[in-house]
Number of protein chains: 2
Amino acid sequence: MEAVFAGNMEENVKTNPVVPPLEPVEVEVIQLFVQFARALGQPRSIAEIYGLLFASEKPLAMDTLIDRLNLSKGSASQGLKYLQDLGAVRTIYIAGDRRTHYEAVAELRKLAGRFLRQQILTHFEDTENRLNRIAGQTQKLSDEQQRHIAERIDLLRRWDRTGRRILPFVLKMLGGD
Amino acid sequence: MEAVFAGNMEENVKTNPVVPPLEPVEVEVIQLFVQFARALGQPRSIAEIYGLLFASEKPLAMDTLIDRLNLSKGSASQGLKYLQDLGAVRTIYIAGDRRTHYEAVAELRKLAGRFLRQQILTHFEDTENRLNRIAGQTQKLSDEQQRHIAERIDLLRRWDRTGRRILPFVLKMLGGD
DNA sequence: TATTTTGTTCAATTATTATTGAACAAAATA
DNA sequence: TATTTTGTTCAATAATAATTGAACAAAATA
């Protein structure tokens, strides 16, 4: 391991001086993604990773994310995997460096599209089966209740169809950003 | 307190025999809402309450929800409050019964509309301020980085505007279900 | 071949969120 | 007035989710 060299003595008392601390701008951008992720129920660490990559001009390696965001190896590795599966991050090859580098995919349509699919569409998928199954379990109920449940199931079927119709529309509106 | 009466000896060994256990249909409907709520990051107990009210033909009092769903008083009270604030549940007055009764609001536009507003729109609100603040913090950066951050901020502004445009559109598509 | 670099995996820990239930209050009833 | 019913609040607890870090592996380098 190489000795840490002796410049930069004033600042960076506790942190490795080779790694520049986050700039105020970077902090702000990250915060923006963190609070948005919160609204969507996504973990903070993932938003931090995406945020820093989004703010960064050049692709970053996992090390850098770990050092600058104070993440554990585990979080960084898992977070990057998650973002990559989601298509929110892509890997970049950099000659002469064997570390994988990552950059943020900043196309809203791709991002939001995949997120909606993963988060919502999945759950629409088996709704139809479920509803059919429910429809076949009303024997024990009174006639009045059977009628009511039948109405409810119809309603849920309409909701399901409406939801499915909306998604592609939203995708189209996300356009080419 | 009234003595529990002596019919229904076979079943209901442990549970209060006055309270009918959940029918299979009810269980299924509740499960549907529970798994959807999960996708949206909402607590299970709230989905259970809404689910049972949705399946029920007549309005239910808090007691009934507590007994049939095995909830604590606290959960029931808080859950109903949350649902009422969201507009997902309305109160019904029933003559000769001083308990408040609740029924599910089953209009998709109201439900989804309020949920989206509460969950998403709130977070769009201060984005503009945030972005302006960020834009005024780029002094310390290199020219190249400043240019890049400026581009990113522009992009975020476009995303913000796109998001705002989409919401009313979605609401319109939710139509009159 | 031995060592270092780069990264993954997953059990253990920590942090966060949901749920409970006891204490309390307000209104109705005895 | 005393008691019961109906409901709220909130500190304590339980359940869930996120994060850590140690153990491991594969590939590059010495």
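Because only heavy atoms are used, hydrogens play no part in the values below, and waters and symmetry mates are left out as well, while side chains stay in. Protein chains get the first letters and strands the later ones, always in sequence-line order, with residue 1 at the start of each.
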- Rounded to the Å, how far apart are A/I66 CD1 and D/dT19 P? 14 Å
- Message: Rounding to an integer number of Å, can you tell me how far B/L65 CG sits from C/dT20 C1'?
- Response: 17 Å
- Query: Just checking, any donor-acceptor pair under 3.5 angstrom between side chains of A/Y102 and A/Q84?
  - Reply: no
- Item | Nearest-angstrom distance from the residue atom CD1 of A/I46 to C1' of C/dT16 | 16 Å
- Item | Salt bridge present between A/E28 and B/R152 (N-O < 4.0 angstrom) | no
- Task: Please evaluate the base of C/dT5 for a donor-acceptor partner in the side chain of A/R98 within a cut-off of under 3.5 Å?
- Result: yes
- Message: Any strand counts, and the cut-off is 3.5 Å on both contacts for Watson-Crick or G-U wobble. Which nucleotide pairs with C/dC24?
- Response: D/dG7
- Message: Taking pairing as Watson-Crick or G-U wobble with both contacts under 3.5 Å, can you name the mate of D/dA30, or confirm there isn't one?
- Response: C/dT1
- Separation of A/R44 atom CZ from C/dT14 atom P, in whole Å? 19 Å
- Nearest whole angstrom, please: distance from the P of C/dT6 to the NZ of A/K81. 21 Å
- Salt bridge flag under 4.0 Å for residues B/R68 and B/E26: yes
- Message: Expressed as a whole number of angstroms, how long is the span from B/I94:CD1 to D/dT6:P?
- Response: 13 Å
- Task: Examine D/dT8: is either OP1 or OP2 under 4.0 Å from a nitrogen or oxygen in the side chain of B/S77? Give yes or no.
- Result: yes
- Message: With a cut-off of less than 4.0 Å, is there a side-chain N or O of B/S45 near OP1 or OP2 of C/dT19?
- Response: yes
- Query: Does B/R38 put a side-chain nitrogen or oxygen below 4.0 Å from OP1 or OP2 of D/dA17?
  - Reply: yes
- Message: Any carboxylate oxygen within less than 4.0 angstrom of a Lys/Arg side-chain nitrogen, looking at A/E128 and A/R157?
- Response: no
- Query: Does C/dT6 have OP1 or OP2 sitting under 4.0 Å from an N or O in the side chain of A/T100?
  - Reply: no
- Where B/A76 and B/M62 come nearest, the two heavy atoms and their spacing: CB-CG, 3.8 Å
- Base of D/dT6 paired with side chain of B/R99 (donor-acceptor, under 3.5 Å): no
- Message: Check the phosphate of D/dT20 against A/S75, side-chain N and O only, distance under 4.0 Å to OP1 or OP2. Yes or no?
- Response: yes
- C/dT13 - base-pair partner by Watson-Crick or wobble geometry, distances under 3.5 Å: D/dA18
- Which whole-number value in Å describes the distance from A/D67 CG to C/dG7 P? 13 Å
- Task: Could you tell me the separation between the NZ atom of A/K73 and the P atom of D/dT20, rounded to a whole number of Å?
- Result: 14 Å
- Among C/dT4, C/dT20, C/dT17, the one nearest any side-chain atom of B/L71 is C/dT20
- Task: State which of D/dT9, D/dT19, D/dT5 makes the closest approach to the side chain of A/Q78.
- Result: D/dT19
